[in-house]
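One structure is given below, encoded as structure tokens.
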Amino acid sequence: MEALTKNKFEFHDNILNFSNKSFYYLESFSPMKIDALNKYDAIILDARDVEFARIILKKFRSSSAIEFYLKPIFLINSKANEDPLLKELIDGIIVSFDQIPETINDINQISIKIAQLESSTSNSFEVQLFKKVLNFMFTRETNTFTPYPDILSSIGYCYPTVSVNFETFEEAKVLELLEWAEKENLIWPDFLDRVYLCSNCKNGHLSYREICPNCDSANMRSEDLVHHFPCGYIGAISDFKNNVDTVLNCPKCTKNLRHIGVDYDKPSIINHCQNCNEVFQDYLVKAKCAHCKTDTDVQFLLSKNINVYKLTKKGRTAAVGGISASDFSLSNEVFGTVNLKTFATMMHYEQERIKNNPILSANIVIIYIENIFDLYRKIGKSKERELLAEFVNIVRDNIKPADFICINNPSVLSVCVNDTNLQSAQLMVMKITDKLEELVFNNFDRFALNVFTQTVELSKEQSFDKQLHILIKEIVEKG
Ligand SMILES: [Zn+2]
Ligand SMILES: [Zn+2]
Ligand SMILES: [Zn+2]
């Protein structure tokens with residue numbers, strides 16, 4: 001590719017090195033795949049093609065890898081546009097390559113901030129995703145989640161820093177994540193607006209219609225009701241009209257109507273259903289969802305506040321200090337499991353038992369579901385308990401009544417398998433793994449679950465806590 005010459009700043013094959021920084025110039029004809037761009041210090045993204053720029057920006061910012069989602073990105077050739085993502089998720093706009101020196105300071109600031117980020121792995125979907133959002137905000141020195149009206153969003157609004165991680169049709173999940181963060185005292189709300197969503201699928205693209213209370217048809221005609229004072233007759237205005245002139249005549253006493261308020265008035269409106277002929281005063285208002293087609297009486301729509309959120313002190317420090325979310329107690333809610341504390345106590349007794357009798361043995365099984373959070377992103381967090389209960393059932397079906405199961409966190413299960421030799425235990429675990437993968441594949445749109453397992457004999461020497469810690473660390477790093 002020939003060099004692009006813009007005064008003294010030249011990109012050769014889309015690459016420019018300046019002041020110890022490497023820049024990659026990305027335009028709609030660029031040959032390189034995005035996956036290979038993590039090694040550059042900054043991206044200069046050509047926004048002549050707005051749709052292209054939007055797709056690229058979304059690819060970077062929605063990645064779960066820090067070297068992509070925190071990459072400094074500057075727009076060039078950016079026309080004025082109202083796209084919220086292109087406004088909020090870039091690091092600046094340059095009008096020519098001559099301005100590249102002006103980006104150096106920003107790039108340095110971002111990299112200093114990145115070095116301060118806390119990086120422990122998280123155990124829940126909300127923590128994992130919200131930490132990512134906080135990392136972006138911390139490195140960009142912003143404190144506010146501003147909602148933008150957005151026709152692409154399924155709820156009509158988007159919060160760019162959060163929404164970029166979801167598909168536009170699952171925007172309601174953005175509100176759920178923000179509600180979670182509010183409950184965790186990470187953010188603080190200021191009311192801005194309210195939206196109404198389909199109670200079935202949480203979509204906000206609704207068509208509101210006045211409909212007949214008898215047959216639900218929207219095919220109805222409304223007209224004024226007329227009250228003729230001299231004779232007391234009340235009827236629809238069409239009863240007073242004739243085909244010849246515009247004079248209104250009373251159908252009962254045949255007098256002409258003269259002045260509204262003097263000899264007649266219009267006390268209300270009457271509706272006539274063209275479908276079932278019903279005549280009625282009060283119609284219903286229903287909202288039909290463009291997404292799932294459910295027609296809902298407006299009083300039953302889901303109402304959600306659209307707030308401007310600001311980070312609290314806890315939220316502002318969480319990027320560097322980590323998020324300590326409320327403890328979840330899944331074991332208490334999933335039948336047939338014990339919590340980690342009870343599990344550790346039972347394993348301690350197990351160790352004592354096998355120490356005293358050499359023919360007894362026990363195995364620990366760790367089941368790590370590496371991409372469980374990707375699955376929840378797809379099917380919704382509300383399915384978590386239900387799904388974990390299914391997983392536990394599968395494990396339970398394959399072990400003996402005296403064996404026991406612990407849910408360490410939503411992605412890790414541990415099982416104690418008594419008095420079985422290691423080889424049979426390993427075979428059994430393979431069977432369980434297949435069943436888990438099969439369950440998810442068949443029920444959730446052929447989703448491929450990544451299950452990693454570790455089956456070892458319970459050590460008689462090492463403390464159980466230490467063994468468990470090492471086992472989980474090994475398996476999580478391997479996965
Ligand atoms: Zn009707
Ligand atoms: Zn009359
Ligand atoms: Zn719907």
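Start at 1 and go down the list; that is how both ligands and their atoms are numbered. Just so it is clear, the model here is predicted, and its values are computed rather than measured.
Within 6.0 Å of NZ on Lys286 lie more than 12 heavy atoms contributed by other residues, nucleotides or ligands. Annotation: Lys255, atom NZ; neighbour count of heavy atoms from other residues, nucleotides and ligands within 6.0 Å does not exceed 12.
Cys198 contributes SG and Cys292 contributes SG; the angle these two atoms make at the Zn ion (ligand 3) is 100°, rounded to 10°. At the Zn ion (ligand 2), the vertex angle linking SG of Cys250 with SG of Cys231 is 110° (nearest 10 degrees). To the nearest 10 degrees, the angle centred on the Zn ion (ligand 1) between SG in Cys212 and SG in Cys276 reads 110°.
For the Zn ion (ligand 3), the set of nearby N, O or S atoms under 2.8 Å includes one belonging to Cys289.
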Legend entry - CA sep, side-chain torsions, deciding dist, call: Gln274, Asn219, side-chain hydrogen bond (donor to acceptor under 3.5 Å, both in side chains): CA-CA 6 Å; Gln274 314 279 80; Asn219 186 8; 4.7 Å; no
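Of the listed residues (Leu177, Val308, Leu178), just one forms a side chain to side chain contact (heavy atoms under 4.5 Å, CB included) with Tyr159, and that residue is Leu178.
Remark: the backbone N or O of Ala47 is not paired with any side-chain donor or acceptor of Ser78 at under 3.5 angstrom.
No other N/O/S atom of His228 lies as close to the Zn ion (ligand 2) as ND1 does.
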